[in-house]
Amino acid sequence: KYRIRIKDRVIFFDAYSFRPYHVSDFITPQKKQDFLAKAQACDHQSIEEMLYRDFHEIRRAAPEYSPVCYFDVFSAYMELLQALCREHDYYDDGMKAVFADMNQEMDSVTSAESLLKIVLKTAKGCLERIEESRRNRSIRPVRTLKEYIEPNYQDEISLNRLADLVNLNASYVSSMFKKETGKTYS
């Protein structure tokens, strides 16, 4: 039984004859793969274009589909994004808050346009948090190394010792150190 809240009333759609659909009618395996690739690349603009394209695709077919179709399709996209975040360990408290805010806002949505705005805002917030997390992950080992080197600079510290501290390969630590500080480690 489908329902949609419009202002102060709820309409149930099981009494209407809408064309049955499945989310895969809109999110094909290729679209799913494209969405995930663009999300992994944090390509905000392409994600936004995909969501707008599907919004207009549903709208063109609007007489044939239940208005709940928008909700189902956009929820499926957000579930893909959420799964991606979990898979790559980006699902921290901040990310949970992004999705919790989305769910709360979706509970009071009154139009397909406002639903699209919520989904776009959530996708943008999620991708920004992924980018921030990636930056922090690449900076963290260098920060740890600097914190170790500063009080121990008078001691002889081998590159292998530093690599062991951050559980990374010595040559990778060397290149990362140079990239972040502009100096070679010697």
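Hydrophobic clustering (ILVMFWY, side-chain heavy atoms < 4.5 Å, transitive): Val98 and Val119 are in distinct clusters.
Counting heavy atoms from C-beta outward, Tyr52 and Leu116 have side chains that approach closer than 4.5 Å. When side chains are defined from C-beta on, Lys117 does not count as touching Leu120, because their heavy atoms never get closer than 4.5 Å. Annotation: side chain of Met102 is not in contact with side chain of Glu105 (no heavy-atom distance under 4.5 Å). Contact of the Tyr90 side chain with the Cys126 side chain is not registered, since no non-hydrogen atoms from C-beta on lie closer than 4.5 Å. Counting heavy atoms from C-beta on, the side chains of Leu81 and Met78 come closer than 4.5 Å. Counting heavy atoms from C-beta on, the side chains of Ser75 and Met106 come closer than 4.5 Å. Residues Lys121 and Asp101 form no side-chain contact, since every pair of their non-hydrogen atoms from C-beta on lies 4.5 Å or further apart. Using a 4.5 Å heavy-atom threshold, the side chains of Arg129 and Asp92 count as touching.
Listed by chain and number, the residues in a side-chain hydrogen bond (donor to acceptor under 3.5 Å, both in side chains) with Asp164 amount to none (sequence neighbours excluded). Residues satisfying the side-chain contact (heavy atoms from CB on, under 4.5 Å) test with Gln40, not counting sequence neighbours, are Leu84, His88, Arg134.
No side-chain N or O of Tyr70 forms a donor-acceptor pair with one of Asp54 less than 3.5 Å apart.
Here SG of Cys85 is found 8.0 Å from CG of Leu127. Values are rounded to the nearest 0.5 Å. From Leu80, atom CG reaches atom NZ of Lys31 across 12.5 Å, with rounding to the nearest 0.5 Å. Atom OH of Tyr153 and atom OH of Tyr148 lie 14.5 Å apart (nearest 0.5 Å). Taking CD1 from Ile47 and CD from Gln45, the interatomic distance works out to 11.5 Å, rounded to the nearest 0.5 Å. The CG atom of Leu168 sits 8.0 Å away from the CG atom of Leu145 when rounded to the nearest 0.5 Å. Between the CD atom of Glu48 and the CG atom of Asp43 there is a distance of 10.5 Å, given to the nearest 0.5 Å.
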Could you go through the salt bridge (charged side-chain N to carboxylate O under 4.0 Å, His left out) check for Arg161 and Glu156 one step at a time?
CA-CA 10 Å; Arg161 170 70 182 127; Glu156 188 173 320; over 6 Å; no

As a quick check of understanding, evaluate side-chain hydrogen bond (donor to acceptor under 3.5 Å, both in side chains) for Ser171 and Ser174, giving each step before the final call.
CA-CA 5 Å; Ser171 61; Ser174 178; over 6 Å; no

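The two residues Ile157 and Ile149 make their nearest non-hydrogen contact at CD1-CA, 4.3 Å. Between Val173 and Ala163, the closest heavy-atom pair is CG2-CA, 3.8 Å. Counting all heavy atoms, side chain and backbone alike, Asp25 lies closest to Glu57 at O-OE2, 4.3 Å. Taking all atoms of both residues into account, the shortest heavy-atom contact from Ile58 to Cys69 is CG2-SG, 4.1 Å.
Exactly one residue among Phe35, Phe71, Phe55 makes a ring-ring contact (aromatic ring centres under 6.0 Å, His included) with Tyr77. That residue is Phe35. Across Lys38, Glu131, Lys124, a single residue satisfies side-chain hydrogen bond (donor to acceptor under 3.5 Å, both in side chains) together with His44, and that is Glu131.
Open room surrounds NZ on Lys32; 12 or fewer heavy atoms of other groups in view lie less than 6.0 Å from it. Environment of CD in Gln154: crowded, with over 12 heavy atoms of neighbouring residues, nucleotides or ligands closer than 6.0 Å.
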